[in-house]
2 protein chains.
Amino acid sequence: MAKLTKQLPTKRLPMLPAERALKVISGRWKAVILYHLFDGPRRLSVLKTLVPNITQKVLIQQLREMEGHGLIRREIFAEIPSRVEYSATRLGLSLEPILLALCEWGQHHADELNEVDRLADCIIRPRQARQPAIA
Amino acid sequence: MAKLTKQLPTKRLPMLPAERALKVISGRWKAVILYHLFDGPRRLSVLKTLVPNITQKVLIQQLREMEGHGLIRREIFAEIPSRVEYSATRLGLSLEPILLALCEWGQHHADELNEVDRLADCIIRPRQARQPAIA
DNA sequence: GGCCATGGTCACCTTCTGGTCAGCAGCGGA
DNA sequence: TCCGCTGCTGACCAGAAGGTGACCATGGCC
């Protein structure tokens, strides 16, 4: 029998839908991780290099939480050597427009407060900007 | 000279726009408070009753943070007796569609995970549903 | 003066989150 | 056999966020 990912009891999310959504996506690295998974499945080791400054333990921690919330999927490929891949679920993908909106609002906000200089580029881009349509 | 609201040094927000936005709106009560302010200016005492279960100290704390981030405005009216009102700024109002999207997504999320029963009504509604157009 | 309401502060404590560091199992290659 | 890579866990810790309770200043009213 396959050893499943340890499932912590997934403590109850807030009652109010908006707070629930916020709780689910606000974690120190979740937006970034999610963004990278929007581009396709990624192995842990790849994510580690894509999200520098994150430790492996914390990365896994964030991934587990997102998995528990149904945003991402964890698949073990029974190859030799075996491989583990993380990918966004439908539910996770449905967050893309929201993340995009947040990103735009964040820029707007920095703009209004004259703090644009303290702002990095928005790595979250509309899908078509990342995957040019194949004519 | 008017005594200004004590300004804590407003610690720097994250560099990435999306994270910045998340940081700004994710606080235990911010979404709810904001929602109530979308409907118009509110006095502290009124907010306290609108958001039950929040203590005054925490309420003020959340209001201060949002004020610092430019989402809301605090005005003291020099009437007798003087009155303090909190209201959403343009910047704060610009969050409405996002909060709405989060709310919808939250419902969608609960739906997908079969946890709709654990969900309260979405108090955040599109503006027109709350303020019917005046012919 | 005594009492209440409003808006607010301070000191303190608890919980949650993220973080460091060390360690481990499975597998392949030298 | 020892080393290194990959994926993962556990002990422990520090800081932030949220929460409680006591207390304060101003001003009205009786």
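The analysis underlying the following values was restricted to heavy atoms, covering all of them including side chains, and did not include hydrogens, waters or symmetry mates. The shown structure was predicted, so the numbers you read here are calculated from the model rather than taken from an experiment. In what follows, chains carry the letters A, B, and so on, assigned in the order in which the sequence lines appear, proteins first and then strands, with residues in each chain numbered from 1.
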Side chain to side chain contact (heavy atoms under 4.5 Å, CB included) between A:L13 and B:L119, intermediate numbers included: CA-CA 9 Å; A:L13 290 167; B:L119 209 60; over 6 Å; no
What N/O pairs connect the protein and nucleotides 4-7 of chain D at under 3.5 Å? Give each pair on its own line.
residue: D:dT6; atom: O3'; partner: A:R43; partner atom: NH2; Å: 3.4
residue: D:dG7; atom: OP1; partner: A:R43; partner atom: NE; Å: 3.3
residue: D:dG7; atom: OP1; partner: A:R43; partner atom: NH2; Å: 3.0
residue: D:dG7; atom: OP2; partner: A:S45; partner atom: N; Å: 2.9
residue: D:dG7; atom: OP2; partner: A:S45; partner atom: OG; Å: 3.1
residue: D:dG7; atom: N7; partner: A:Q56; partner atom: NE2; Å: 3.0

Integer-rounded Å distance: C:dG8 P and B:L59 CG: 9 Å
Within one Ile-Leu-Val-Met-Phe-Trp-Tyr cluster: B:L59 and B:I76, side-chain cutoff 4.5 Å: yes
Side chains of residues 80-89 of chain B: which donor-acceptor pairs under 3.5 Å do they make with residues two or more places apart or in other chains?
residue: B:R83; atom: NE; partner: B:E79; partner atom: OE1; Å: 3.1
residue: B:R83; atom: NH1; partner: B:E85; partner atom: OE2; Å: 2.5
residue: B:R83; atom: NH2; partner: B:E79; partner atom: OE2; Å: 2.7
residue: B:Y86; atom: OH; partner: B:R74; partner atom: NE; Å: 3.4
residue: B:S87; atom: OG; partner: B:R73; partner atom: NH1; Å: 3.2
residue: B:T89; atom: OG1; partner: B:G70; partner atom: O; Å: 2.6
residue: B:T89; atom: OG1; partner: B:L71; partner atom: O; Å: 2.9
residue: B:T89; atom: OG1; partner: B:L91; partner atom: N; Å: 3.4
residue: B:T89; atom: OG1; partner: B:G92; partner atom: N; Å: 3.1

Please list, pair by pair, any protein nitrogen or oxygen found under 3.5 Å from a nitrogen or oxygen in nucleotides 18-25 of chain D.
residue: D:dG18; atom: OP1; partner: B:R28; partner atom: N; Å: 2.6
residue: D:dG18; atom: OP2; partner: B:Q62; partner atom: NE2; Å: 3.0
residue: D:dG19; atom: OP2; partner: B:W29; partner atom: NE1; Å: 2.6
residue: D:dG19; atom: N7; partner: B:K57; partner atom: NZ; Å: 3.2
residue: D:dG19; atom: O6; partner: B:K57; partner atom: NZ; Å: 2.7

Non-neighbouring partners of B:S94 that pass side chain to side chain donor-acceptor pair (under 3.5 Å), sequence neighbours left out: A:W105
Any side-chain heavy-atom pair of A:L34 and A:I72 under 4.5 Å: yes
Closest approach of A:G106 to B:R20 (non-hydrogen atoms, all atoms of both residues): O-CD, 3.6 Å
Counterpart residues, side chain to side chain donor-acceptor pair (under 3.5 Å), relative to B:Q61 (two or more places apart): B:K57
Partners passing side chain to side chain donor-acceptor pair (under 3.5 Å) against A:T55 (at least two apart in sequence or in another chain): none
Nearest-angstrom distance from the residue atom CD of B:E75 to C1' of C:dG8: 18 Å
